[in-house]
Amino acid sequence: MENGRAQFPFPYQPYNIQEQFMHALYKALDQGKVGIFESPTGTGKSLSLICGALSWLTDYEERKKQEAAALLQEGEASLSTSTAQSSVTSSSAEPDWITDFVQKKAERDLVTKLKEDELKRKKREERLEMIRNNVQLKYAMKRKSDEDDEAFKLLQLSKEEQTETQGDQEDEELIIAEYESDDESKSKSRFHGPEDDEDDELIEEHVTKIYYCSRTHSQLAQFVHEVQKSPFSKDISLVTLGSRQNLCINEEVRRLGSIQRINDRCMEMQKNKHEKQHHEEGVKRKRGPAKSVCPYNKASALQQMRDEVVRTAHDIEQLLKLGREMHSCPYYATRLAIPPAQLVVLPYQMVLHEATRRATGIQLKGQVVIIDEAHNLSDTLSCIHSAELTGAQLCRAHSQLTQYADRYKSRLKAKNLMYIKQILFVIEGLVRVLGGKVGQNPQSQITQTGTEMLTINNFLFKAQIDNINLFKLQKYFEKSMISRKLGGFVEKYAGSGVSVHTQSSSNKENRRTEGLNRYLQTLQTNQSTAPVSSPDQQGSAEADKVLSASPMMQVEGFFMALTNSNTDGRVVVHRQGTLSEGSVKFLLLNPAVHFAQVLKECRAVIIAGGTMQPVSDFKQELLFSAGVGEERITEFSCGHVIPPENILPLVLCSGPSGQELDFTFQNRDSPRMMDETGRILSNICNVVPGGVVCFFPSYEYSRRIISHWEASGALTRLANKKKIFQEPKKANQVEQVLNDFTRCIQRCAPDSGGLTGALLFSVVGGKMSEGINFSDDLGRCVVMVGMPYPNIKSPELQEKMSYLDKHLPHSGGRSPGQALIENLCMKAVNQSIGRAIRHRGDYSSIVLCDKRYSRPATLSKLPAWIKNRTSTCTTFGPAFAAMRKFFQEKKQKQV
């Protein structure tokens, strides 16, 4: 077949739609397309992605081998023909001895060339083998991350530091290494030695691979399990990537809790390891206590685990178990396994954020990226590249950095001090924009309040920081690791909360100490509210609080956001009450600018999801704006595998008493509308067995309508039919509510009398509207109350609408801004109603309570497999009769 194959390896007989999916996917990868693939949950999307993509990958590798072999044969044949022709030509004009000489010389030249080629090939293989067999593993370790390179650089401290006191030497890890600007680095690079060339040559090449991304680690684990069950489980090298927080097995580090503290501690151990190696090589170590190194980060163990990781597919939990068995770090072993792996499974952020890609060692050039669960891809890109700072964070960052610079100014190089002053200057400008000034109490009232939307340039002018080169400042943050240094500094001295060098008799030193102590005591006064039993415990608890709230990381992220193009983002300045309550937020308006690099570098990009509607607006905002032409885009959408009779989608335009259902902002709070909604749910609970999940447009409306039902008695009537559960606001309570909901339904059989299951009140966009599985009896009916339009009065949303109206073409008599509002609403609806119908044998009813759902433009935004089966009921009677008949037939079939 052209751009395809006749059959795909599959663990069982695939559905027709799965075969169609795999053929379309194979063709898209082969032609280097950007594919938008829609396949509803329950249709075996993951397995189709695996078998289709890996079939292409194995075929592609085989074709490359055949082409290489053909080229080699062609080259040898060409050389032989050339030699023979020269022999024939010369034989007619030259004596035999000349002919023999020329022929033998040509043969010798050919043999020499073949030997040289073979020698080069062997040399290259030897170099790669040196990495694999740990002879030169230290060069391969360069792939671990840019951070590790910086950790090694920390050892290159100036000679003057050797004369410092022992106490200062203990702070060595907190000092910023001597910094070189880009210009200085370039000038020095002209004089690099041969070892640098050798390092570059020894970097292991990446094989052709597929990067599979999804939203959560549980989704990634599920994908890995599907690969393990697939026909490719033994033939494909797979590696799962995660953060240190997910993959660390060092209990001393794991119990630090926050990802920032885990990263900092791990990096400190890497530096200690490099330092220890220098000491063993004969470099004299400075005095001071021995510093701990990670026992799981040894080169030979990492190499052995890397080989095992590539040999067999593992999810995160299996990697942790393997790491403990092999006494090796899963985080660094998986990083080393990226180049030889054919399938890399990782979270969204690692691929979508350029700095993270670079630090992790991910190379996209010529590779394939599959982004699953991509319905919120635009929002995800915007969130990753947006940043927010509160006034309280700015004040703390300024105070921390001032204390740091004052403490170590005698040991910091001039260039470091210059950049620190620039950072402080920018922070002061941001504080001024919020109506305050550095040094004042963050809790003091500000005179101006309100919200202001500014372009990046206008914001820089308003903050009076337009003369600062933010690109150089961003580079300094990256190379100096000042945010980590500052975090370590605060952690170290907030732990005691009392003193720094109490033995020092120097007045200057005492003044520095007093300033730091005042700052730390201020933190304790402002942040510590719970009683603490002892000063030691207070200091320990405060250290945790200070570090977890260390703001310089957020400051760094905001500075980086300000380097975006002026047209692609806005800064929202929010002044409220006190300085600490105010905030500055960078809002990315054009996510395509950051997605463009992924699309440009990759051979092919596949964007997949259970529902990708509306595709036209998705293409316009994220693909066309990134420079992708229509000819490179391919689309595939398939129906569901369930029979048509297993789903009953209904649009309700009015309730049992004839009240028109119009949940607009003006009408939805009326008592009549709330009472009618209660009657609809009561009737539904009479005919639906098992679980009913009811979605409200917001937490606030959920609270108001349930309070009204409590007062009117409607909630008691509902509770007499089904046990009632409510979605909790706290994430750590969700699992408990779901477990209780599930147990209640399993206990209450439909024909047992009394209660017939459970009713769960949820919120669109909440914790149960995405990623939760209400299959079978858990979700026999999903009720959507109203249309969950976003808050159109939000300044951020208004600015986004204005940006789209200005930069995207208008179509169909509506502006792109209006389309955005409708699309956000219907994407949220599609995610919520997709919680039911999770497999081929499942069945459920979907009830959309609002007359606005009956509009053709709105119905067109439902997934095709739901839209084609949806009935619009202007009165409640026919809808109720259809539901009763639907569930009676299902009950009879089960009997």
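In this structure, the side chains of Leu49 and Phe37 stay at 4.5 Å or more apart for every pair of heavy atoms. Considering only heavy atoms from C-beta on, Val651 stays 4.5 Å or farther from Asp850 through its side chain. Between Tyr843 and Arg780, the closest side-chain pair of non-hydrogen atoms falls below 4.5 Å. Looking at Asp59 and Tyr26, their side chains come closer than 4.5 Å, going by heavy atoms from C-beta outward. Between His217 and Pro347 the shortest side-chain heavy-atom distance falls below 4.5 Å. Residues Lys867 and Lys861 form no side-chain contact, since every pair of their non-hydrogen atoms from C-beta on lies 4.5 Å or further apart.
In this model, a donor atom of one side chain and an acceptor atom of the other lie less than 3.5 Å apart for Ser243 and Asn246. For Gln222 and Glu226, the side-chain atoms include no donor-acceptor pair closer than 3.5 Å. For the 3.5 Å distance criterion, the side chains of His807 and Asn590 fail to qualify, holding no donor opposite an acceptor.
Of the candidates His23, Glu38, Gln20, Phe636 forms a side chain to side chain contact (heavy atoms under 4.5 Å, CB included) with just one, namely Gln20.
In this structure, Lys234 forms no cation-pi arrangement with Phe232, as its terminal cationic atom is not both closer than 6.0 Å to the ring centre and no more than 45° off the ring axis.
A salt bridge links Lys45 to Glu373: at least one charged side-chain nitrogen sits closer than 4.0 Å to a carboxylate oxygen. The pair Asp30-Arg63 meets the salt-bridge criterion, with a side-chain N (NZ, NE, NH1 or NH2) lying under 4.0 Å from an Asp/Glu carboxylate O. With respect to the salt-bridge test (charged N to carboxylate O, under 4.0 angstrom), the residues Glu796 and Arg570 do not qualify. The pair Lys800-Glu621 meets the salt-bridge criterion, since a charged nitrogen lies less than 4.0 angstrom from a carboxylate oxygen. Between Glu308 and Arg311 there is a salt bridge, since a side-chain N of the basic residue sits under 4.0 Å from a carboxylate O of the acidic one.
With hydrogens and angles disregarded, no donor-acceptor distance shorter than 3.5 Å links the side chain of Thr360 to the backbone of Arg357.
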- Worked check of side-chain contact (heavy atoms from CB on, under 4.5 Å) between Val368 and Tyr212: CA-CA 9 Å; Val368 171; Tyr212 172 87; over 6 Å; no
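Ring geometry for Tyr12 versus Phe10: interplanar angle over 60°, hence perpendicular rather than tilted (30 to 60°).
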